[in-house]
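Owing to the predicted nature of the structure, the values given are computational and were not obtained by experimental measurement. Residues: numbered from 1 along the sequence shown. Just the heavy atoms: all of them, side chains too, but no hydrogens, waters or symmetry mates, feed the values below.
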Amino acid sequence: MRPFQYLRPKTVPEAISMAADDPEARYIAGGTNLVDLMKRGIVSPTKLIDINHLPLKKIEHRYDRLRIGALALNSDVARHKGVMARQPLLVQALLAGASGQLRNMATVGGNLLQRTRCSYFYDLALPCNKRKPGSGCGAEGGVNRTHAIFFPVDEKPACLAVHPSDMCVALTALDTVVVVTGPGGERRVQMRDFHLLSTQRPELDTILGPGELVTAIEVLDNAFVRHSHYLKVRDRASYAFALVSVAAALQMDGGRIWDARLALGGVAHKPWRYWAIDLMLRGQAPSEKLFRDVAEHEMKSAKALEDNAYKIRLTSNAMVAALKTAAGIS
């Protein structure tokens with residue numbers, strides 16, 4: 001580990017000014033992912049900017065939305081009465097992620113920005129376009145059991161890794177807004193646009209520019225409280241990353257579905273939103289056949305790699321199971 005400068009800003013503008021002129025500077029809060037990356041030599045920041053003392057931990061309801069500060073701990077968000085009452089899908093996803101110890105350290109902002117857990121990314125002896133652009137993708141022709149099955153249309157992906165977060169899958173389904181502050185001021189980014197697909201710049205995971213800092217997320221009020229479910233399929237029931245996960249949310253009235261949202265995890269370089277599901281389910285009475293039809297429709301665009309063809313059926317079955325639970329049918 002090379003020497004680095006440790007800084008502790010007192011305000012958000014001060015933090016941004018410390019990072020804006022140094023592309024190798026990194027913000028640190030819980031450090032549950034960043035410290036591992038530093039130990040392995042994957043990142044070697046020139047500056048570590050400790051933002052834990054910034055006023056970004058508040059969880060509050062404002063008008064028509066829940067606003068969660070970027071430094072709010074995952075465990076605090078998951079047990080917050082306002083979040084539990086208004087956004088149970090987010091609570092389910094948070095509790096499915098990591099371990100209790102990690103949730104007590106990890107922040108919402110850090111969860112948004114965590115890097116892939118692809119073994120090729122973490123092994124410095126193997127090629128990885130995300131770690132070293134242009135070196136190749138070790139998973140292509142290698143062991144790719146846990147890798148992606150959804151890719152950019154008509155483009156060869158430069159990276160086959162999947163996004164590791166559970167929280168981000170739920171936030172994608174809920175049309176969350178990410179509040180970002182940088183040298184140019186504050187801007188709001190739709191969650192669906194915040195993470196990037198692996199096209200020409202696989203080393204980039206998000207749209208964040210130099211010095212920009214996530215300061216909060218905003219989740220709009222919705223009618224999904226009674227009919228939402230997060231399903232995570234993994235190799236073991238204890239702490240493990242998803243092979244496939246599903247965030248399903250339905251608005252139901254009179255025995256019919258009037259709005260629907262669905263996002264997938266463990267299947268793409270970013271949380272994968274199923275956009276057609278709302279039109280396919282609107283006005284329909286829930287049934288296993290209906291959910292099977294919409295799941296198979298989405299899976300038509302999936303492409304299996306050498307070792308992960310099982311994900312095609314697994315993802316389809318997981319979508320059906322999550323939708324059935326959300327709808328309250330057996």
Side-chain angles (χ1 to χ4, degrees), residues 1-60 67-77 98 102-117 121-122 124 130-133 163-165 167-168 171 176-191 193-196 201-218 270:
M1 185 182 295
R2 76 178 184 183
F4 57 85
Q5 187 178 10
Y6 174 80
L7 302 171
R8 183 184 287 184
K10 296 179 180 179
T11 66
V12 170
E14 185 182 2
I16 292 168
S17 67
M18 291 174 175
D21 61 347
D22 187 349
E24 295 189 37
R26 294 291 185 273
Y27 297 118
I28 186 169
T32 55
N33 186 206
L34 178 58
V35 172
D36 284 343
L37 295 173
M38 291 174 65
K39 287 179 177 179
R40 290 171 177 259
I42 297 169
V43 297
S44 299
T46 53
K47 297 176 184 175
L48 270 189
I49 304 170
D50 185 346
I51 59 173
N52 281 296
H53 296 274
L54 301 183
L56 301 175
K57 297 180 181 179
K58 187 179 291 186
I59 305 171
E60 60 182 340
R67 183 182 172 97
I68 302 173
L71 291 179
L73 299 179
N74 287 185
S75 55
D76 288 344
V77 177
L102 286 172
R103 290 195 296 271
N104 284 336
M105 287 293 295
T107 63
V108 167
N111 197 325
L112 282 171
L113 299 174
Q114 64 178 300
R115 309 298 304 273
T116 183
R117 293 325 195 271
F121 176 66
Y122 278 85
L124 299 180
K130 180 174 291 297
R131 176 172 29 82
K132 185 179 180 181
H163 194 272
S165 173
M167 181 193 78
C168 290
L171 294 181
T176 300
V177 174
V178 182
V179 183
V180 176
T181 305
E186 183 177 278
R187 61 181 178 133
R188 283 169 162 75
V189 182
Q190 293 293 325
M191 186 68 187
D193 300 322
F194 183 75
H195 294 102
L196 302 173
R201 299 289 302 278
E203 72 276 16
L204 300 179
D205 291 334
T206 73
I207 52 78
L208 290 179
E212 286 194 314
L213 175 67
V214 175
T215 52
I217 59 171
E218 295 179 344
K270 62 184 285 185

Residues I207, D193; criterion side-chain contact (heavy atoms from CB on, under 4.5 Å); working and verdict: CA-CA 8 Å; I207 52 78; D193 300 322; 5.6 Å; no
Calculate, to the nearest 0.5 Å, the distance between atoms [atom1] and [atom2] belonging to [X] and [Y] respectively.
| X | Y | atom1 | atom2 | result |
| --- | --- | --- | --- | --- |
| T11 | I16 | OG1 | CD1 | 8.5 Å |
| I42 | L34 | CD1 | CG | 11.0 Å |
| D76 | K57 | CG | NZ | 9.0 Å |
| T206 | K270 | OG1 | NZ | 11.0 Å |

Could you check if a side-chain atom of M191 sits within less than 4.5 angstrom of a side-chain atom of C168, using non-hydrogen atoms only? yes
Where is the tightest heavy-atom contact between [X] and [Y], given as atom of each residue plus distance?
| X | Y | answer |
| --- | --- | --- |
| S75 | N104 | OG-OD1, 3.0 Å |
| A29 | N52 | O-ND2, 3.1 Å |
| K10 | E14 | N-OE1, 2.9 Å |
| L213 | V12 | CD2-CG1, 4.3 Å |
| P210 | A20 | CB-O, 4.1 Å |
| A19 | I49 | CB-CD1, 3.6 Å |

Using salt bridge (Lys or Arg N to Asp or Glu O under 4.0 Å) as the criterion, list what pairs up with [X], not counting sequence neighbours.
| X | value |
| --- | --- |
| E212 | R187 |
| E60 | R62 |
| R201 | E203 |
| K130 | D205 |

For R8 and D50, indicate whether the former's side chain and the latter's backbone hold a donor-acceptor pair under 3.5 Å. no
For the side chain of T107 and the backbone of G30, is there at least one donor-acceptor N/O pair under 3.5 Å apart? no
Does any pair with a residue in residues 20-38 pass salt bridge (Lys or Arg N to Asp or Glu O under 4.0 Å), and if so which ones, sequence neighbours excluded? R2-E24, D21-K47
Going through the distances and angles, do V180 and E186 end up as a side-chain contact (heavy atoms from CB on, under 4.5 Å)? CA-CA 6 Å; V180 176; E186 183 177 278; over 6 Å; no
Candidate list T176, L171, I217, test side-chain contact (heavy atoms from CB on, under 4.5 Å), partner I68, passing option: I217
Take Y27 and L113 through the side-chain contact (heavy atoms from CB on, under 4.5 Å) test and state the conclusion after the steps. CA-CA 11 Å; Y27 297 118; L113 299 174; over 6 Å; no
Would you check, one step at a time, whether the test side-chain contact (heavy atoms from CB on, under 4.5 Å) holds for V108 with N74? CA-CA 6 Å; V108 167; N74 287 185; 4.1 Å; yes
Contacts of R117 that satisfy side-chain contact (heavy atoms from CB on, under 4.5 Å) - sequence neighbours left out: N33, Q114, Y122, P164, F241
